[in-house]
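Note sheet for the following structure.
Not measured: the values here are computed from a predicted model. Chain identifiers are assigned alphabetically (A, B, ...) following the order of the sequence lines, protein sequences preceding nucleic acid strands; residue numbering begins at 1 within each chain.
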Number of protein chains: 2
Amino acid sequence: MTVVEGMAIDQYGARQRILDSTAELVIEHGVAGVAQRQIADRVGIRAASLYHHFASKNEIVEAVFRRGIDVMEGAWDEAADATHGADPYPRLAAHIRAHLSALFDHGPYTAAHVSAFRTAPAAVRDAVVPMRDAYEARWTGLLGELAADGELANGTPIGLSRLALFGAMNTTVEWFDADRGNLDELAEVITRQFWNGVAA
Amino acid sequence: MTVVEGMAIDQYGARQRILDSTAELVIEHGVAGVAQRQIADRVGIRAASLYHHFASKNEIVEAVFRRGIDVMEGAWDEAADATHGADPYPRLAAHIRAHLSALFDHGPYTAAHVSAFRTAPAAVRDAVVPMRDAYEARWTGLLGELAADGELANGTPIGLSRLALFGAMNTTVEWFDADRGNLDELAEVITRQFWNGVAA
DNA sequence: GTCTATACCACGATAGAC
DNA sequence: GTCTATCGTGGTATAGAC
């Protein structure tokens with residue numbers, strides 16, 4: 001457990017709990033649908049006390065989204081390290097599994113990001129877009145490599161294929177229950193379907 | 001142009017414009033992010049005048065969602081009629097094209113439904129769920145038929161496959177620009193990817 | 001670092017004139 | 001069928017005590 005420099009431990013803890021609560025609420029109701037009172041209630045403080053930690057609601061939401069992207073990037077790096085020089089299918093499978101891990105295994109941040117980003121005010125969205133783009137570029141890069149190696153069907157439109165894959169992965173936050181379902185199984189189904197399709 | 005029984009033409013027109021405006025706004029901002037004043041502004045009336053046509057904001061939103069489902073069902077029926085007895089691939093392709101048509105070619109209702117449903121109050125969601133389920137059951141039925149005919153790979157998990165396909169189709173509302181892109185092409189890419197995958 | 005109190009505004013909704 | 005006017009509520013945000 002690291003402590004951010006210049007911050008007391010309990011202060012960092014409060015920040016954490018605020019971000020956690022906001023992320024959870026925003027997944028279900030969208031950004032505009034969540035009041036600061038609701039966030040404060042979950043944390044166990046009064047709404048006004050949020051302003052000791054953040055300058056505005058938008059700042060809280062932006063921090064949630066940024067962290068959601070950090071989590072995805074971290075998961076990507078782990079998968080990349082683990083599959084250095086591996087075959088195309090296991091490599092792809094590892095990255096899909098990592099993305100789903102980011103959505104379900106590392107807090108509510110990535111799920112909040114993918115499900116509520118569109119409902120955020122333009123100012124928040126604009127501030128976060130460069131980070132989003134960087135993550136998406138990693139995926140485009142991976143698929144581009146596979147195409148260059150002749151692993152993809154001729155004429156596969158990489159941009160569209162990536163978007164379709166993202167759609168399949170990201171909408172799982174709307175229906176997949178991490179407590180009941182098996183994440184490995186889910187990852188395998190999505191990977192196989194993306195790679196081979198469903199046809200006999 | 002049909003006229004709803006017992007309603008004057010201009011009244012029906014106002015209802016329409018209210019629903020149109022609401023659907024468009026809700027796609028971008030989520031339900032909670034749209035104020036009745038914004039809706040009224042688009043229609044060119046005052047917020048209070050909305051209450052001549054609807055009893056509450058929730059009622060407007062619910063009507064938008066219901067209509068979004070009606071549009072999808074209509075598109076499904078057309079595709080089903082046109083592909084009676086056809087081969088599996090063209091049949092599936094027609095239904096995917098129809099779903100995308102519902103999202104982009106028949107007003108903002110279906111797009112509003114798929115992108116903002118989660119952000120609606122529970123009362124609205126509960127009222128609409130049965131209609132959603134009926135539409136989803138059509139898809140499950142189609143995939144089940146294909147499986148029974150041996151057209152799907154052994155062990156294909158129909159429920160999960162359908163959800164992944166829905167994810168790919170429905171998230172297009174977040175990035176596809178119907179004015180610039182080619183919807184036939186988009187439908188074909190999604191169909192081929194679902195059926196055959198991207199592997200060489 | 002959290003509290004109470006409050007300012008200010010936007011929201012959904014209603015009443016009643018035209 | 002739309003308007004003006006208004007009510008009550010709940011939103012973000014600030015001031016200042018503790």
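Summarising the geometry, the separation between CD1 on B:I18 and P on D:dG1 is reported as 11 Å, rounded to the nearest angstrom. Between the NZ atom of A:K57 and the P atom of C:dC9 there is a distance of 19 Å, given to the nearest Å. To the nearest angstrom, P of C:dG1 lies 12 Å from CZ of A:R15. When rounded to the nearest whole Å, the span between OH of A:Y51 and C1' of C:dG1 equals 16 Å. Rounded to an integer number of Å, the gap from B:F54 CZ to C:dG12 C1' is 16 Å. Counting to the nearest Å, the P atom of D:dG11 and the NE2 atom of A:H29 are 12 Å from each other. For the pair B:R17 CZ and D:dG1 C1', the interatomic distance rounds to 11 Å; values are reported in whole Å. Regarding B:L50, its CG atom lies at a distance of 14 Å from the P atom of D:dG1, rounded to whole Å.
Checking B:S115 against B:E174 by side-chain atom types alone, no donor-acceptor pair falls below 3.5 Å.
Between A:D20 and A:R15, no side-chain nitrogen of the basic residue sits less than 4.0 Å from a carboxylate oxygen of the acidic one, so the salt-bridge criterion is not met.
The phosphate of C:dC3 has OP1 or OP2 within less than 4.0 Å of a side-chain N or O from A:S49. For the pair A:H53 and C:dT2, the criterion of a side-chain N or O lying under 4.0 Å from OP1 or OP2 is met.
Aromatic pair A:H99/A:F104: ring centres not closer than 6.0 Å.
Checking C:dT2, C:dC3, C:dA15 against every side-chain atom of A:A48, the shortest atom distance belongs to C:dC3.
A 6.0 Å sphere centred on CG of B:D177 holds more than 12 heavy atoms belonging to other residues, nucleotides or ligands.
Within 4.0 Å (heavy atoms only), B:A47 reaches no atom of the nucleic acid at all.
Between the side chain of A:E62 and the backbone N or O of A:N58 there is no donor-acceptor pair closer than 3.5 Å. Remark: the backbone N or O of A:Y89 is not paired with any side-chain donor or acceptor of A:D87 at under 3.5 angstrom.
Of all the residues in residues 35-46 of chain B, B:I45, B:R46 reach under 4.0 Å from DNA chain D with at least one non-hydrogen atom.
For the side chain to side chain contact (heavy atoms under 4.5 Å, CB included) criterion with A:V198, the lone passing option out of B:L165, B:L143, B:L92, B:L152 is B:L152.
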